[in-house]
There are 2 protein chains.
Amino acid sequence: MPTDATTAEPATRCTLADVAARAGVSASTASLAFSGSGPVSDATKERVLTAASELGYAGPDPRARSLRRGRSGIVGVVLEERVRSAFLDPVKIQMLDGISDAIAPLGAGVLLLTETGRGADAVSIEDAPLDAVVLIGCSPRLGESVEVLRRRGIPAVAIEGDPGDDVVEIGIDNREATRAGAEYLRSLGHTSVAIVTLPFDAARTRGPLTADLEHAGTADTASERLRGARDVFPSIGGRVAGGSSIEEGLEAARELLRDPAGRPTAVIAQSDLLAAGVIRAAEELGIRVPEELSVLGFDGIRPDGLQADLTTLVQPSVAKGRAAGEAVVRMLAGERPESVRFTSELHVGDTTAPPRA
Amino acid sequence: MPTDATTAEPATRCTLADVAARAGVSASTASLAFSGSGPVSDATKERVLTAASELGYAGPDPRARSLRRGRSGIVGVVLEERVRSAFLDPVKIQMLDGISDAIAPLGAGVLLLTETGRGADAVSIEDAPLDAVVLIGCSPRLGESVEVLRRRGIPAVAIEGDPGDDVVEIGIDNREATRAGAEYLRSLGHTSVAIVTLPFDAARTRGPLTADLEHAGTADTASERLRGARDVFPSIGGRVAGGSSIEEGLEAARELLRDPAGRPTAVIAQSDLLAAGVIRAAEELGIRVPEELSVLGFDGIRPDGLQADLTTLVQPSVAKGRAAGEAVVRMLAGERPESVRFTSELHVGDTTAPPRA
DNA sequence: GAGCGGGGTCGAATCGATTCGACTAGACTA
DNA sequence: TAGTCTAGTCGAATCGATTCGACCCCGCTC
């Protein structure tokens with residue numbers, strides 16, 4: 001009797017064995033009929049399928065299937081922060097898009113994971129049925145994650161941040177790109193330049209850019225971009241933001257621009273969102289951009305609510321995601337893909353200009 | 001011998017049984033030692049844990065665990081469209097945020113699913129190890145999805161769109177809200193009003209708003225909002241967009257505003273993104289907003305790049321997501337949560353004004 | 001000292017499907 | 001007609017952990 005929509009669930013859901021029994025075949029044959037891999041006569045197949053629909057059988061249980069097959073069809077994507085903040089960052093979304101695009105042929109889904117501490121109640125990298133993992137973001141905790149995955153034997157790909165060892169990495173030329181941007185500023189005539197960086201440590205400590213903070217850090221992206229700036233302006237100073245957001249940029253820039261005396265003529269922001277915050281701070285303080293202050297961003301997204309055409313270093317976010325996805329597909333196929341390094345390009349908008357004499 | 005970082009994986013990964021053997025206890029005891037549920041002497045526990053770390057055991061296999069326990073710790077979120085487009089819609093992101101927030105105490109992760117056709121190669125609602133599912137969006141395919149889930153015995157919650165029967169639904173007052181907005185337009189003096197709707201059918205057919213299209217449709221949201229507009233402007237006409245995006249709004253509005261003779265003095269857009277597109281179309285055509293054209297949106301997000309303060313119907317997106325997540329948690333706990341209906345609020349911005357005499 | 005209770009451990013069944021090797025009939029060849 | 005082959009089917013082992021009931025032994029009580 002088919003289950004009625006309004007009745008409670010049957011005491012026990014029906015299994016492949018039930019279907020097989022009803023069709024008068026063995027469980028193995030029924031399995032073959034469903035998976036299609038193996039010789040089964042059309043008549044038998046039909047009988048099995050009929051029995052299944054009569055019983056309201058919803059197909060093989062994915063849990064059992066994945067235990068037997070050793071594959072779950074799920075690729076984890078680790079976002080360093082909470083899901084909410086990751087989605088505020090357009091760069092992450094673009095990468096996620098690239099990833100889900102690239103793994104589609106694998107028939108796998110994307111499981112969102114966050115880097116909460118171990119043993120937390122949220123599902124984590126330690127206990128989720130994953131076939132592979134993509135680590136997104138310049139996470140200081142990368143080392144731990146990689147170690148966990150290695151123990152579990154799960155292939156991993158990292159986007160940004162040095163995972164070390166033999167983990168495939170998808171990155172960009174953070175240092176060179178920033179240097180190019182800094183050189184552009186110098187070519188405009190700027191000599192008094194400050195920087196607003198991404199956080200250096202896991203705690204996301206914000207504050208003035210000190211040697212302490214800088215060296216305690218493990219965040220590759222922030223360090224590399226800073227190095228690029230130092231290549232051109234060796235003694236550059238500035239502030240460390242607590243993350244990539246307009247709000248953080250605003251806060252950092254308020255400090256940076258507060259004192260009219262020591263005010264820089266240009267600010268290098270390590271992300272477009274930070275740059276947008278810097279611009280907003282300038283507006284607050286009545287400082288005109290780019291006449292009185294040049295602002296350089298990084299990423300190449302269009303921050304929400306910013307009408308200026310930001311001068312920035314455009315990185316191929318979607319391509320990065322796609323490359324990561326493709327690497328996952330290859331690893332699952334037993335290959336050993338190479339790391340990839342993309343290059344960024346300077347886009348000159350209207351937020352940079354020569355400094356006022 | 002512990003696995004060296006550089007060696008290939010051991011032929012077979014080690015299992016709980018291996019650990020138990022090494023610790024000199026039975027598999028059952030080892031399991032107890034790991035899960036902590038059951039009486040195990042401290043000495044034994046210690047021995048097991050030691051053996052595990054010596055062997056490089058990474059903890060129980062989640063696949064086996066979920067088979068036995070019948071829970072996978074994964075909640076699916078079905079986005080009707082591709083992942084990429086879903087993330088372009090700020091409303092969806094906000095709901096997703098609310099969901100992931102609410103299910104956190106469950107210790108479950110969020111698996112992104114898209115409503116691709118059956119049997120597609122992508123992981124789907126039919127074969128993913130899910131404990132529960134949240135259906136997002138006014139999907140015409142909702143019926144099929146609900147049926148699949150019912151067969152599989154997976155609890156479901158729908159956000160927007162009438163899932164029918166006994167499925168919990170989280171919604172808003174689409175009709176009443178739109179009516180309120182329309183009444184506001186009428187109170188300003190508008191009588192010639194057009195509408196740009198969301199798609200009515202699964203194929204996302206775009207074009208003029210005809211009775212055919214309208215009635216063939218199964219998309220609850222579009223229909224309800226249209227009804228609300230009809231409550232005030234019974235003979236309202238307009239165009240059906242192919243989705244919620246600035247691009248679609250732009251395209252629809254070009255048609256709508258092309259002919260200066262029959263041009264409406266106000267446009268009701270069924271989403272803020274569509275509204276942003278309408279405004280952009282007006283700019284293209286040299287029509288001033290709000291002096292020559294009033295535009296009303298729906299959602300309460302700030303569309304990217306739109307500097308106007310959109311007059312719109314603000315819906316509580318995050319709260320909707322959170323309510324859905326909470327419903328999931330309750331269902332998994334064996335309760336039967338109630339459906340929830342939120343209300344939207346009219347926000348008067350600067351895109352609406354009385355029509356020119 | 002016999003009886004009793006309970007902490008600690010173990011065996012074995014179980015979750016549900018997949019898959020490999022074996023087996024059976026019927027078709028086809030020599 | 002005996003022998004070979006193949007398509008179709010079945011049994012049984014397997015994936016790895018969890019869990020229920022049984023069991024044992026030690027300490028306590030009367």
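Below, each value reflects all heavy atoms present in this structure, side chains not excepted, and no hydrogens, waters or symmetry copies. In what follows, chains carry the letters A, B, and so on, assigned in the order in which the sequence lines appear, proteins first and then strands, with residues in each chain numbered from 1. Please read these numbers as outputs of a predicted model, since none were measured by experiment.
Residue A:T15 is in sugar-phosphate contact alone, with no base atom involved, counting any heavy-atom pair closer than 4.0 Å across all strands shown. Backbone-only contact: A:T44 has heavy atoms under 4.0 Å from sugar-phosphate atoms and none from a base. Residue B:P39 is in base contact, counting any heavy-atom pair closer than 4.0 Å across all strands shown. Nucleic acid contact class of A:S41 (heavy atoms, under 4.0 Å, all strands): sugar-phosphate only.
Under the salt bridge (charged side-chain N to carboxylate O under 4.0 Å, His left out) criterion, A:R65 pairs with no residue, sequence neighbours left out. Taking the salt bridge (charged side-chain N to carboxylate O under 4.0 Å, His left out) definition, one finds that A:D131 meets it with nothing, sequence neighbours left out. For A:P62, the side chain to side chain contact (heavy atoms under 4.5 Å, CB included) criterion is met by B:P129, B:R152, not counting sequence neighbours. Not counting sequence neighbours, the partners of B:L49 by the side chain to side chain contact (heavy atoms under 4.5 Å, CB included) test are B:F34, B:K45. Scanning for side chain to side chain contact (heavy atoms under 4.5 Å, CB included) contacts around A:R330 gives A:E335, A:P337, with sequence neighbours left out. Partners of A:A27 according to the side chain to side chain contact (heavy atoms under 4.5 Å, CB included) rule, which considers only residues two or more places apart in sequence or in another chain, do not exist here.
For DNA chain D, the span of nucleotides reached by chain A at under 4.0 Å from its heavy atoms goes, 5' to 3', from D:dG8 to D:dG16.
When each of A:R69 and B:F34 is assigned the nucleotide of DNA chain D with its nearest heavy atom, A:R69 is the one assigned upstream, toward the 5' end.
At a threshold of 4.5 Å between non-hydrogen side-chain atoms, the residues A:I125 and A:V78 count as touching.
Under the side-chain hydrogen bond (donor to acceptor under 3.5 Å, both in side chains) criterion, the residue pairs touching residues 24-36 of chain A are A:S26-A:S28, A:S26-A:T29, A:S35-A:S37, with sequence neighbours excluded.
Helix bend of the helix from C:dG1-D:dC30 to C:dA30-D:dT1: the angle between its two end axes, each built from five pairs, comes to 50° after rounding to 10°.
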